[in-house]
Amino acid sequence: MAARTKARKRALDVLFEADQRGENMLAALDRRVLDSGRETPLPTYSIEIVRGVVAWWPELNSIIQQASPEWQLSRMPAVDRALLRIGAWEILCNDEVETAVAIDEAVSLAADLSTDDSPGFVNGILGTIAREAPALRHAE
């Protein structure tokens, strides 16, 4: 597994855990940095992802909601919510990651960790966000 793929998975773990516990995302991140719960420390890119998602939280939630008018964020599986936030952040805020890579990684994680319908759902929403990305970036 590639380093960034592992980092995305670890960032997903932090976001999912905080969501399930109703915990502040940055507090969960700080706790995980101090005690990774694994033999290896939390990768730097995982930390960058979580901090980036938190910094863009309202914007990402709004963009995801607009791209998925039929599904409220609160009704989405928690794994899908976290993956959509990570993917949207990478598409809109991280110029080092190609859009196709961000989408493929999110879809792959959805296939491994979420419902049978999640890969298509995540792909569709992130595809919509990617198509609208130039306008969304310009609006920033």
Quick one: does any side-chain atom of E90 pair with a main-chain N or O of I49 as donor and acceptor, under 3.5 Å? no
My understanding is that only residues two or more places apart in sequence, or in another chain, count here; which of them pass salt bridge (charged side-chain N to carboxylate O under 4.0 Å, His left out) with [X]?
{"X": "E48", "answer": "none"}
{"X": "R10", "answer": "none"}
{"X": "R51", "answer": "none"}

If you round to the nearest 0.5 Å, how far is [atom2] of [Y] from [atom1] of [X]?
{"X": "M76", "Y": "L83", "atom1": "CE", "atom2": "CG", "answer": "11.5 Å"}
{"X": "N24", "Y": "D30", "atom1": "CG", "atom2": "CG", "answer": "8.5 Å"}
{"X": "I47", "Y": "L29", "atom1": "CD1", "atom2": "CG", "answer": "6.0 Å"}
{"X": "S74", "Y": "R81", "atom1": "OG", "atom2": "CZ", "answer": "7.0 Å"}
{"X": "W71", "Y": "Q65", "atom1": "CH2", "atom2": "CD", "answer": "11.5 Å"}
{"X": "L42", "Y": "L34", "atom1": "CG", "atom2": "CG", "answer": "10.5 Å"}

Check whether any side-chain heavy atom of W56 lies under 4.5 Å from a side-chain heavy atom of R85, and answer yes or no. no
Contacts of type side chain to side chain donor-acceptor pair (under 3.5 Å), residue E98, not counting sequence neighbours: none
Listed partners of Q66 passing side chain to side chain donor-acceptor pair (under 3.5 Å), at least two apart: S62
Closest heavy-atom contact between W89 and G52? NE1-CA, 3.3 Å
Taking all heavy atoms of A7 and all of P43, pick out the closest pair and write down the distance. CB-CB, 4.0 Å
Could you list all the salt bridge (Lys or Arg N to Asp or Glu O under 4.0 Å) pairs where at least one residue sits in residues 53-79, not counting sequence neighbours? none
Who pairs with V54 by side chain to side chain contact (heavy atoms under 4.5 Å, CB included), at least two apart in sequence or on another chain? M25, L26, V50
Taking side chain to side chain contact (heavy atoms under 4.5 Å, CB included) as the definition, give me every residue that meets it alongside A28, ordered by chain and number, with sequence neighbours left out. V14, A18, E23, R31
Quick one: side chains of residues 116-130, donor-acceptor pairs under 3.5 Å with protein atoms, not counting sequence neighbours, listed by atom name and distance.
| from | atom 1 | to | atom 2 | distance (Å) |
| --- | --- | --- | --- | --- |
| S118 | OG | D80 | OD1 | 3.0 |
| S118 | OG | D80 | OD2 | 2.8 |
| S118 | OG | S114 | OG | 2.9 |
| S118 | OG | T115 | N | 3.3 |
| S118 | OG | T115 | OG1 | 2.6 |
| T128 | OG1 | G124 | O | 3.0 |
| T128 | OG1 | R131 | NH2 | 3.2 |

Going through the checks in order, is the side chain to side chain contact (heavy atoms under 4.5 Å, CB included) test met by R8 and L12? CA-CA 6 Å; R8 284 180 188 93; L12 172 64; over 6 Å; no
Just list the side-chain donor-acceptor pairs under 3.5 Å for residues 103-113, sequence neighbours left out, or say none.
| from | atom 1 | to | atom 2 | distance (Å) |
| --- | --- | --- | --- | --- |
| E105 | OE1 | T5 | OG1 | 2.9 |
| E105 | OE2 | T5 | OG1 | 3.0 |

